[in-house]
4 protein chains.
Amino acid sequence: MDFVPYRHKVQYYETDGMRVVHHSNYIRFMEEARCDLMEQMGYSYSRLESMGFFIPVLSASCDYKQMTRFGETLVIGVEVTALSPTRMTIQYEMRDDATGSLRATGETHHCFLSSAGRPISLKREAPEAFEYLRLLLGAGTTEKAEAKPEDTAKA
Amino acid sequence: MDFVPYRHKVQYYETDGMRVVHHSNYIRFMEEARCDLMEQMGYSYSRLESMGFFIPVLSASCDYKQMTRFGETLVIGVEVTALSPTRMTIQYEMRDDATGSLRATGETHHCFLSSAGRPISLKREAPEAFEYLRLLLGAGTTEKAEAKPEDTAKA
Amino acid sequence: MDFVPYRHKVQYYETDGMRVVHHSNYIRFMEEARCDLMEQMGYSYSRLESMGFFIPVLSASCDYKQMTRFGETLVIGVEVTALSPTRMTIQYEMRDDATGSLRATGETHHCFLSSAGRPISLKREAPEAFEYLRLLLGAGTTEKAEAKPEDTAKA
Amino acid sequence: MDFVPYRHKVQYYETDGMRVVHHSNYIRFMEEARCDLMEQMGYSYSRLESMGFFIPVLSASCDYKQMTRFGETLVIGVEVTALSPTRMTIQYEMRDDATGSLRATGETHHCFLSSAGRPISLKREAPEAFEYLRLLLGAGTTEKAEAKPEDTAKA
């Protein structure tokens, strides 16, 4: 599987009175990158929902390394770092697309829910989707996002 | 009926790189004030949804008069200015709570939908709620919001 | 001048409890498309700010035609429909990228401010930027955005 | 010092397609509660900024325990759990105001910056503000927020 790292161009409405991206928005960028990876896998959130599954966020954290400004683009590497039949951990690296310098790292923990809101074993209920995620273990887009920007296809 | 105007204290995450409230947020403040009025009437959006009705926004507009800064509080007057069995128009005045100076005015147009997404006559399907809205015609909280702040109960 | 219409892919955090894009976000999408057009012209908001100019929003309006769902992509045509030395009007057409069906139209009014917050004549203070905007009159990306999706370069 | 816990009423635009508060918004609620505590201390963020100080977020995390729905009110306890001349840690407990049940817990780490963006010792540069924060160590609003709702002053 060959995935393209996700890119997010910073919008004016994402900045705050310190003239940088408000810290809450990185949590949203992580969601964008996570959904993009799932879509590249062929299991978009929309498709999963229509299959009767949700992947809610159990916890989220973000370490802010450098501020990001309006007009800059973040390239976001995503990696599935833990997976069980009922749970998943994803890590994120957000870098400035122009310079490669690290802006933030993050992590989210997830479980798998039925549309009725009950915890399920994804392995049992959707073995094919689970198998795709298993193949992703340690094989996300982070390395690619770390590459020098001139080596990377622009979005 | 005696309604209290809605107050919104500006949060840091609502400011942008110009160090003022981002213009898109006034559309959200109007929603807050509209929902608050409905709740004061006894017909909260939650209750309406559980009764099987939605009141989607058909159009929204906002005129920005003065910038609003972090830490300031807006007092938002709301008035139902037009009502038919199938549609409603609401107008908004947003003022600085400390000085009374006008920050923005706005207007939203709405229809009434069933939970299946079909346009309905609120007058026929929920005559009591419609009657409440009819009593609101020209009788919202705008006048109260225009009053000097020292005459007004603080939230 | 040959501009590419702006595309916005709908994110999960942009949806609301009705499972569609919250109406306030269209005001943000209009900002995205406006900034993108300025950047395609060579006058990004960042560059304008570093030149000492701001283009605040005096008013904004949006007519909602159809709901937009998570995972869909909006293609947003932008057109400068009025321009004076001190003011500008921009119109927007937001269509589903897959089907071309119209989701929303919008309009924003703007003035030109110095970094000190004083209204200025852009024509006098930045004649070259003004001239670019003048060339845009009636020549934005709306027509391209109306084209069938298969005729249009994907973002 | 006697502080009142912060309350946030959930708005419709804060919900997502799962019909619950989007997880990124809890990071914003934590900012609201943090700013409110500082203001109750007499050191609002606005005042600190006018004194030449910023308190940026170095990291933020949130554990989601239960979903929160439109119309519900969160009561948010805040506690300063670590403080040094250059850094501060704050913890948060977010509970449903009606039932007291725990919805989320969170933590943020902060440093102190000059308006020029340089790390400073708050103890040296603003000893009085530092002293206030020191008094807050282990003495925030969390206990009060845990109290039964009928024992607590409503906002």
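Below, read A as the first sequence line, B as the second, and so on, with proteins coming before strands; counting in each chain starts at 1.
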When rounded to the nearest 0.5 angstrom, what distance separates OH in B/Tyr64 from SG in C/Cys111?
13.5 Å
In Å, rounded to the nearest 0.5 Å, how long is the span from CE of B/Met18 to CD1 of C/Ile55?
10.5 Å
Engaged part of [X] at the chain B interface, taking heavy atoms whose separation is under 4.5 Å:
{"X": "C/Glu107", "result": "neither"}
{"X": "C/Met30", "result": "neither"}
{"X": "C/Phe54", "result": "side chain"}

Hey, which of C/Leu58, C/Asp63, C/Thr105 has the most heavy atom pairs under 4.5 Å with chain B?
C/Leu58
Answer whether the closest heavy-atom distance between the side chains of C/Pro56 and B/His23 falls below 4.5 Å.
no
Do C/Ile27 and B/His22 have side chains that approach each other closer than 4.5 Å (heavy atoms only, starting at C-beta)?
no
Identify which of B/Gly17, B/Ala60, B/Gly117, B/Ser61 forms the greatest number of heavy-atom pairs closer than 4.5 Å to chain C.
B/Ala60
